[in-house]
Amino acid sequence: MSSTITWQKSSFSEAEGQCLELARHKSHLLIRESDTPHAILATAPARLAPFLAAVKTGRFDGLGQD
């Protein structure tokens, strides 16, 4: 990947927390965790849109709780 990629993270992210970051590269959206920036997932915007919509509606709330 090019070093000119501009990564964005949520304004809700903590300064030192693990955050998901998103970027656009050519026709793909890239996703990575801020604490492991070398591991990058690439997907098409049309494939990511339904997942983001589900997150916004709270469909996955509580998944990370024991």
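Just the heavy atoms: all of them, side chains too, but no hydrogens, waters or symmetry mates, feed the values below. It should be emphasised that the depicted structure is a prediction, and the values quoted were computed from it without experimental measurement.
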Engineer: Is Thr43 reaching over with its side chain to a backbone N or O of Leu48, donor-acceptor style, under 3.5 angstrom?
Structural biologist: no
Engineer: Looking only at non-hydrogen atoms, find the nearest pair between Phe60 and Val55 and report the distance.
Structural biologist: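 Taking Phe60 first and Val55 second, the nearest heavy atoms are CD1-CG2, 3.7 Å.
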Engineer: Drop me the distance from Leu29's CG to Leu52's CG, to the nearest 0.5 angstrom.
Structural biologist: 8.0 Å
Engineer: Quick check for you: to the nearest 0.5 Å, what is the distance between His25 atom NE2 and Ile40 atom CD1?
Structural biologist: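 Reported value, rounded in 0.5 Å steps: 9.5 Å.
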Engineer: Give the minimum heavy-atom separation between Thr57 and Ala54, together with the two atoms involved.
Structural biologist: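 Minimum heavy-atom separation between Thr57 and Ala54: OG1-O, 2.9 Å.
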Engineer: Quick one: closest heavy-atom pair of Pro45 and Ser27, and the distance?
Structural biologist: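 Looking at all heavy atoms of both residues, the closest pair is CD-O, 3.4 Å.
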Engineer: Could you note down all residue pairs passing salt bridge (charged side-chain N to carboxylate O under 4.0 Å, His left out) where residues 18-30 supplies at least one of them, sequence neighbours left out?
Structural biologist: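 Sorted result for residues 18-30: Glu21-Arg32.
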Engineer: What's the separation between atom CG in Leu22 and atom CG in Leu41, rounded to the nearest 0.5 Å?
Structural biologist: 10.0 Å
Engineer: Scan residues 40-64 for pairs that pass salt bridge (charged side-chain N to carboxylate O under 4.0 Å, His left out), counting only residues two or more places apart or in two chains.
Structural biologist: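 For residues 40-64, and leaving out neighbouring residues, there are no salt bridge (charged side-chain N to carboxylate O under 4.0 Å, His left out) pairs at all.
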